[in-house]
Amino acid sequence: VQLQAFGGGSVQAGGSLRLSCAASENIFSINVMGWYRQAPGKQRELVATITRGGSINYADSVKGRFTISRDSAKNTLNLQMNSLKPEDTAVYYCKADTGTYHSGRYHPDEYWGQGTQVTVSS
């Protein structure tokens with residue numbers, strides 16, 4: 001799966017940005033897609049995920065401010081980010097997991113996009 005993220009940029013605190021991730025395969029057939037971010041000097045962390053069935057999970061730090069969605073017409077994974085804070089500054093990555101269940105457990109098969117920079121100034 002090839003992924004290409006775009007939509008990052010620089011905004012002031014309280015502003016909004018919308019990230020999109022274009023995939024080379026039908027995003028509705030992918031087990032789990034998600035957004036992750038990595039701030040300088042920190043580990044990459046989960047922002048939001050959506051399963052093939054539509055179940056959504058958010059990091060506590062973004063609940064109520066970010067919305068993950070899928071666009072069937074454009075075959076993109078989106079992240080609407082509102083009420084942005086300086087601590088949201090990071091490189092944002094999209095990920096696709098096309099793993100399978102066998103031998104009694106789930107075997108992930110992960111693909112990452114190239115990342116897009118989001119900078120929020122105070």
> Can you pull the ring pair (Phe, Tyr, Trp, His ring centres under 6.0 Å) pairs that have at least one residue in residues 13-36, sequence neighbours excluded?
Replying inline: Tyr36-Trp112
>> Give me the atom names and distance for the closest heavy-atom approach of Arg70 to Arg52.
In response: NH1-O, 3.3 Å
>> Give me each pair satisfying ring pair (Phe, Tyr, Trp, His ring centres under 6.0 Å) with a member in residues 43-101, each pair once, sequence neighbours excluded.
In response: Tyr101-Tyr106
> Side-chain heavy atoms under 4.5 angstrom apart, residues restricted to Ile, Leu, Val, Met, Phe, Trp, Tyr: same cluster for Ile50 and Leu46?
Replying inline: no
> What are the two closest non-hydrogen atoms of Ala90 and Gln117, and how far apart are they?
Replying inline: O-NE2, 3.4 Å
>> Rounded to the nearest 0.5 Å, what separates atom CD1 in Ile68 from atom CG in Asn78?
In response: 9.0 Å
>> Restricting to side-chain contact (heavy atoms from CB on, under 4.5 Å), what partner residues turn up for Ser121, sequence neighbours left out?
In response: Gln12
>> Testing the basics here: between Val118 and Gly8, what is the closest heavy-atom pair and its distance to 0.1 Å?
In response: CG2-CA, 4.2 Å
> In Å, rounded to the nearest 0.5 Å, how long is the span from SG of Cys21 to CE of Met33?
Replying inline: 4.5 Å
> For the side-chain hydrogen bond (donor to acceptor under 3.5 Å, both in side chains) test, which of Thr116, Asp88, Thr89 pairs with Arg37?
Replying inline: Asp88
> Measuring from Ser20:OG to Asn75:CG, what's the distance to the nearest 0.5 Å?
Replying inline: 11.5 Å
> Could you state the interatomic distance from CD1 (Ile30) to CG (Asp97), rounded to the nearest 0.5 Å?
Replying inline: 9.5 Å
> Can you check whether His102's main-chain N or O pairs, donor with acceptor, with His107's side chain at less than 3.5 Å?
Replying inline: yes
> Is Tyr111 reachable from Leu79 through a run of I, L, V, M, F, W or Y residues, each pair having side-chain heavy atoms under 4.5 Å apart?
Replying inline: yes
>> I need the Gln80 CD to Leu17 CG distance, nearest 0.5 Å.
In response: 8.5 Å
> What is the minimum heavy-atom distance between Glu110 and Lys95, and which atoms define it?
Replying inline: OE2-NZ, 3.1 Å
> So how far is it from Thr100 OG1 to Asn31 CG, rounded to the nearest 0.5 Å?
Replying inline: 8.0 Å
>> What verdict does the side-chain contact (heavy atoms from CB on, under 4.5 Å) test give for Met81 and Val120, after you've listed the backbone C-alpha separation in whole Å, the side-chain angles of each residue and the deciding distance to 0.1 Å?
In response: CA-CA 11 Å; Met81 304 185 294; Val120 184; over 6 Å; no
> Under the salt bridge (charged side-chain N to carboxylate O under 4.0 Å, His left out) criterion, do Lys63 and Asp60 qualify, and how do the steps go?
Replying inline: CA-CA 5 Å; Lys63 282 181 181 177; Asp60 288 342; 3.1 Å; yes
> Do the side chains of Val11 and Val47 join up, straight or via other hydrophobic residues, at under 4.5 Å, putting them in one cluster?
Replying inline: yes
> Can you name the nearest heavy-atom pair linking Arg65 to Ser83, along with the distance?
Replying inline: NH1-O, 2.9 Å
> Near Gln114 CD, under 6.0 Å, is it more than 12 heavy atoms from other residues, nucleotides or ligands?
Replying inline: yes
>> For Leu3 versus Ala96, what's the shortest heavy-atom pair and its separation?
In response: CD1-N, 3.6 Å
